[in-house]
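Heads up: the structure comes next, in structure tokens.
Counting starts at 1 for both ligands and their atoms, in listed order.
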Amino acid sequence: MSKRIAVYPGSFDPIHNGHLDIVAKCRRVFDEVIIAVLGNEAKEPVFSPADRVEMISHQLRDCADCTVTSFDGLLVDFMEQWKAQIIIRGLRAVSDFEYEFQMALMNRRLDPSIETVFMVPREEYIYLSSRLVKEVFFLGGNLAGLVPDPILERLATVAAARDGET
Ligand code: PNS
């Protein structure tokens, strides 16, 4: 039987425990999980694609069936390159649904062999987003238990550099 490969794409700026929970769920269902970090990000990211790949790789260093890489251009082209047909997306709230539904249908239109599988994170992470992580962190809020410590340390480095600039 051929390997069941799942691609989990996203901005991951930065990765948080909700994302990691989805990766853990993927590993129970698929033989290989490819975490695909969006490179050509329209929103101004805090971390470069290379930094995000490095941070995620560190978090998943014990995961032999995980590959972390970045991609530019269309996700369907990346999928073809990796011979993968399953896209994983986390679904948190009804507010996610419309955007996710549009993306799933567009990706299937672009490549009919592709299916999107939605996974729901654990309840304690259901409200978590990278946008909120950054906002709360840079305003001095406590994110313990929501974001891995090494990622918080990287955010602190960014905050210190920004303070140095002002
Ligand atoms: O974490 P995000 O920002 O919600 O992830 C969005 C992502 C990376 C999955 C999406 O923007 C994407 O796939 N971008 C690549 C370009 C592409 O294929 N666009 C058409 C999607 S229908």
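Under the 4.5 Å side-chain heavy-atom criterion for ILVMFWY residues, no single connected hydrophobic cluster contains both Ile34 and Ile22.
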Filter the ligand 1-protein atom pairs down to N or O on both sides and distance under 3.5 Å, then list them.
{"residue": "ligand 1", "atom": "1 (O)", "partner": "Ser11", "partner atom": "N", "Å": "2.9"}
{"residue": "ligand 1", "atom": "3 (O)", "partner": "Ser11", "partner atom": "OG", "Å": "2.6"}
{"residue": "ligand 1", "atom": "3 (O)", "partner": "Lys43", "partner atom": "NZ", "Å": "3.2"}
{"residue": "ligand 1", "atom": "4 (O)", "partner": "Arg89", "partner atom": "NH2", "Å": "2.8"}
{"residue": "ligand 1", "atom": "5 (O)", "partner": "Arg89", "partner atom": "NH1", "Å": "3.3"}
{"residue": "ligand 1", "atom": "18 (O)", "partner": "Leu75", "partner atom": "N", "Å": "2.8"}

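Listed by first and then second residue, the ring pair (Phe, Tyr, Trp, His ring centres under 6.0 Å) pairs involving residues 100-156 are Phe97-Phe101 (not counting sequence neighbours). Sequence neighbours left out, the pairs with a member in residues 62-122 that pass disulfide bond (SG atoms under 2.5 Å apart) are Cys63-Cys66.
Between Arg4 and Glu32 no salt bridge is recorded (no basic side-chain N to carboxylate O distance below 4.0 Å).
At a cut-off of 3.5 Å, with distance as the only test, no side-chain donor of Asp13 or Ser11 sits close to an acceptor on the other residue.
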Per-pair distances, 0.1 Å, donor-acceptor, side chain in residues 147-158, under 3.5 Å, sequence neighbours excluded:
{"residue": "Arg154", "atom": "NH1", "partner": "Glu54", "partner atom": "OE2", "Å": "3.0"}
{"residue": "Thr157", "atom": "OG1", "partner": "Glu153", "partner atom": "O", "Å": "3.0"}

